[in-house]
*Asks:* 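Can you read through this structure? Questions will come right after.
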2 protein chains.
Amino acid sequence: MGYQDSAGKALTDYPRPSVAVDVAVLTVPPEQHSPEQELFVLLVRRAGKHQHDAWQLPGTFLHPGEILADACHRALREKVGIEGSEPVQLHVLDDPHRDDRGWVLSVAHLDVVAWRRLERVDTTEVRLAPIAEVRGLAFDHDRIVALAVERLRAEYQETPDPRGLLEEPFTLLDLQRLHEAVVGHELPKDSFRRGMEPRLRATGETQAGVVGKPARLFVRE
Amino acid sequence: MGYQDSAGKALTDYPRPSVAVDVAVLTVPPEQHSPEQELFVLLVRRAGKHQHDAWQLPGTFLHPGEILADACHRALREKVGIEGSEPVQLHVLDDPHRDDRGWVLSVAHLDVVAWRRLERVDTTEVRLAPIAEVRGLAFDHDRIVALAVERLRAEYQETPDPRGLLEEPFTLLDLQRLHEAVVGHELPKDSFRRGMEPRLRATGETQAGVVGKPARLFVRE
DNA sequence: TAAATAGTGTCTCTCAGACACTATGTC
DNA sequence: GACATAGTGTCTGAGAGACACTATTTA
C-alpha cells in the first residue's frame with residue numbers, strides 16, 4: 001500500500017497476522033416454543049477440545065481473495081448448514097494474546113437467522129443457548145455476544161422486525177412479543193401499535209379460530 | 001485458533017493478508033480562523049507518488065504484536081507528529097482488490113484532534129482539507145472519511161463536545177458553533193442551550209471586553 | 001441612549017405512556 | 001350473556017422549536 005516507516009523501508013514484508021471471522025448468530029424462538037421468549041445465540045463445540053462445556057462462536061480463517069462476509073457465509077455453511085444470511089461487522093478483536101496459538105485478529109460479526117432455519121442444528125456439536133446463560137465461551141467470545149446483542153437491540157428500536165425473524169403474516173402482538181424478546185424488556189401495548197402499524201402493510205385478513213376478537217394480519221412493508 | 005476446514009486441515013498455514021490501519025483525523029477550526037466553521041480532515045501526500053493531488057489518509061501496516069490503536073498512534077506520530085489521540089474503529093475494508101499491490105485489509109479509524117495541535121502540520125506533505133472538498137482520495141479513503149463524519153456526528157448529538165475540540169473555558173455560543181460545524185447545519189439557539197447547559201459546569205466567570213452582555217463561561221463536566 | 005449580544009418565559013406541537021373504554025370474536 | 005382478546009379515544013407530562021421579551025454590557 002506504499003506505507004513506509006521512518007527509514008523508508010516498505011512494510012509489506014513484515015510478518016502478517018492471521019485474520020479470522022467469528023459470527024454471533026442470534027435468533028428468537030417462536031411463541032409456542034417457549035412462553036418466555038428471549039434471544040438465543042448459536043454455539044459450536046470448540047474444535048479439537050473434548051473437555052465438557054467448551055463452546056465457541058462459529059468462525060473461520062479468511063481465505064486468500066475472500067471478503068469477510070463470504071468467510072462468514074462459509075463458516076456457517078460448513079459448520080451449521082446455513083445459507084444466505086447477512087452478517088454485519090461489529091468490531092476487530094486485536095489483543096495479540098487473545099489466542100495462545102498465534103497472532104490472530106478476529107473480525108466479530110452479527111448475523112440473524114430465523115428460528116425455523118436453526119431448529120435442526122441442535123446436535124452434540126452445535127447448540128442454541130439463551131444469551132443470559134452464556135458465560136465462559138472460548139477466547140473473547142463472551143464480548144462478541146455482548147456486542148452483537150447491543151447492535152441487534154439498536155436495529156430493533158427503529159423498525160418492525162428489520163431482520164425478518166417473524167414468519168409472515170403476523171399479528172401486532174406477535175411482533176410486540178418478538179421486539180420484547182430482542183430488547184429484553186416489556187413494551188407498552190398502545191405506543192407499540194401506534195409506532196409500528198404505519199410501517200406495516202395489512203393483508204386484510206384476520207386470525208381465525210381464536211378466542212377473543214381476531215387480530216388483523218400484517219406483512220413487512 | 002483451531003478452526004478447521006471440512007477436510008480437517010488446520011488453516012493457519014493459509015496465506016495471510018496484510019493488515020493496515022487508516023485514520024481519518026477530523027477537526028474544526030476555531031471561530032476566528034474562519035467565519036464558516038466546518039469539519040476538516042487531515043490528509044498526507046500519497047507515499048511514493050509524485051503526481052499532483054495524490055492524497056490519502058495517514059495509515060500504516062500493523063506490526064507484529066501490536067494492537068490496532070497503537071498502529072494508529074504510530075502512524076500519526078511518525079507522519080504528523082501527533083501524540084495521545086484516541087482512535088476508534090469504524091469498519092474493515094476488505095475488497096481483495098482495493099490495493100493493486102497486494103492483499104491488504106484496512107481497519108478504518110476515526111480520530112479527533114483539536115485544531116491547535118494540527119496547525120503546524122500544514123506542510124507540502126500534510127494538509128487539512130474541508131470535508132466538502134475531499135474527493136478522489138487514494139484507495140477507498142473517500143468512504144472512510146464518510147464513515148468517520150457519520151460517526152462523529154452521532155457522538156455530537158448527545159453530549160457537549162465529547163471529544164474536547166473546544167478550549168476551556170468556552171461560551172455556550174462557542175459550543176453551539178462547534179456543534180453546528182460538526183453536524184453540518186444550524187441549530188436552534190434556545191433548545192441548544194436548554195439541552196446543553198445542564199451537562200456543563202459554569203466557572204462563575206464571564207467574558208470581558210466584548211460588545212453586548214458578556215457571556216458566561218463553562219467547562220465540560 | 002443606542003446598539004449588540006446573552007439569556008429566558010411561554011406558547012404550541014408532537015410524541016410516549018397511562019388508562020379506560022369500545023369492538024368483536026368464542027364458549 | 002360471560003369471557004377473552006383486539007384495538008382506540010383521550011388525558012397528561014416531557015421535550016423541541018418558534019418567538020418575543022428581558023438583561024447587561026460597550027460605544
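First the proteins, then the strands, lettered A, B, ... as listed; each starts at 1. It should be emphasised that the depicted structure is a prediction, and the values quoted were computed from it without experimental measurement.
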*Asks:* Taking any heavy-atom pair under 4.0 Å as a contact, classify R194(A): base, sugar-phosphate, or nothing.
*Replies:*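 Since a base atom lies under 4.0 Å of R194(A), the category is base.
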*Asks:* Pick the nucleotide of DNA chain C nearest each of G212(A) and K189(A); which residue has the one closer to the 5' end?
*Replies:*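 By nearest-heavy-atom nucleotide position, the 5'-most residue is K189(A).
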*Asks:* Between dA6(D) atom P and M196(A) atom CE, what is the distance in whole Å?
*Replies:*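 These atoms are roughly 17 Å apart.
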*Asks:* Which listed nucleotide (dT5(D), dA18(D), dT8(D)) is nearest to the side chain of P188(B)?
*Replies:*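 Taking heavy atoms from C-beta onward, the closest nucleotide is dA18(D).
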*Asks:* Measure the distance from CD on E205(B) to P on dA6(C) and round it to the nearest whole Å.
*Replies:*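 Computing the E205(B):CD to dA6(C):P distance gives 17 Å.
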*Asks:* For residues T60(A) and R74(A), is any side-chain donor paired with an opposing acceptor at under 3.5 Å?
*Replies:*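 Yes, because at least one side-chain N or O of T60(A) sits under 3.5 Å from a partner of the opposite role on R74(A).
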*Asks:* Grab the CG-P distance between D190(B) and dA16(D) for me, whole Å please.
*Replies:*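 Atom CG in D190(B) sits about 11 Å away from atom P in dA16(D).
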*Asks:* Taking for each residue the nucleotide of DNA chain D bearing the nearest heavy atom, is the 5' side occupied by Q207(A) or by S191(B)?
*Replies:*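 Whichever sits nearer the 5' end wins; that is Q207(A).
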*Asks:* Would you mind reading off the distance between F192(A) atom CZ and dG17(C) atom P, rounded to a whole angstrom?
*Replies:*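 Interatomic distance, CZ of F192(A) to P of dG17(C): 12 Å.
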*Asks:* For the side chain of K213(B), counting heavy atoms from C-beta on, which of dG7(D), dT26(D), dT24(D) is nearest?
*Replies:*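 Of all the options, the side chain of K213(B) is nearest to dT24(D).
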*Asks:* Starting at atom CZ of F218(B), determine the distance to atom C1' of dG7(C), rounded to an integer number of angstrom.
*Replies:*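 Value for this atom pair: 10 Å.
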*Asks:* Tell me the interatomic distance from L175(A), atom CG, to dG7(D), atom P, rounded to whole angstroms.
*Replies:*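 Answer to the nearest Å: 12 Å.
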*Asks:* Got more than 12 heavy atoms from elsewhere within 6.0 Å of CZ, R153(A)?
*Replies:*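 Correct, the count exceeds 12.
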*Asks:* What distance do R127(A) atom CZ and L118(A) atom CG have between them, rounded to the nearest 0.5 Å?
*Replies:*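 Going from CZ on R127(A) over to CG on L118(A), the span is 14.0 Å.
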*Asks:* Return the nearest nucleotide to the side chain of E197(B); candidates are dT8(C), dA6(C), dA23(C).
*Replies:*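 Looking only at side-chain atoms, E197(B) lies closest to dT8(C).
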*Asks:* Under 6.0 Å from the ring centre and within 45 degrees of the ring axis: does the NZ or CZ of R46(B) meet both conditions for the six-membered ring of F139(B)?
*Replies:*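 Positive - R46(B) is close enough to the ring of F139(B) and near enough to its axis.
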*Asks:* Which residue, R193(A) or T206(B), contacts DNA chain D at a nucleotide closer to its 5' end, judged by nearest heavy atom?
*Replies:*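 Mapping each residue to its closest nucleotide by heavy atoms, the 5'-most match is R193(A).
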*Asks:* Atom CG of L39(B) and atom CG of L178(B): how far apart are they, to the nearest 0.5 Å?
*Replies:*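 Spacing of CG (L39(B)) from CG (L178(B)) equals 8.5 Å.
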*Asks:* Side chain of P214(B) only, please: which of dT24(D), dA6(C), dG7(D) is the nearest?
*Replies:*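 The answer is dT24(D), which lies nearest to the side chain.
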*Asks:* Measure the distance from CD on Q176(A) to C1' on dG7(D) and round it to the nearest whole Å.
*Replies:*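 It works out to 12 Å between those atoms.
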*Asks:* Could you state the atom-to-atom distance from CG of L173(A) to C1' of dA6(D) in whole Å?
*Replies:*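 Value for this atom pair: 9 Å.
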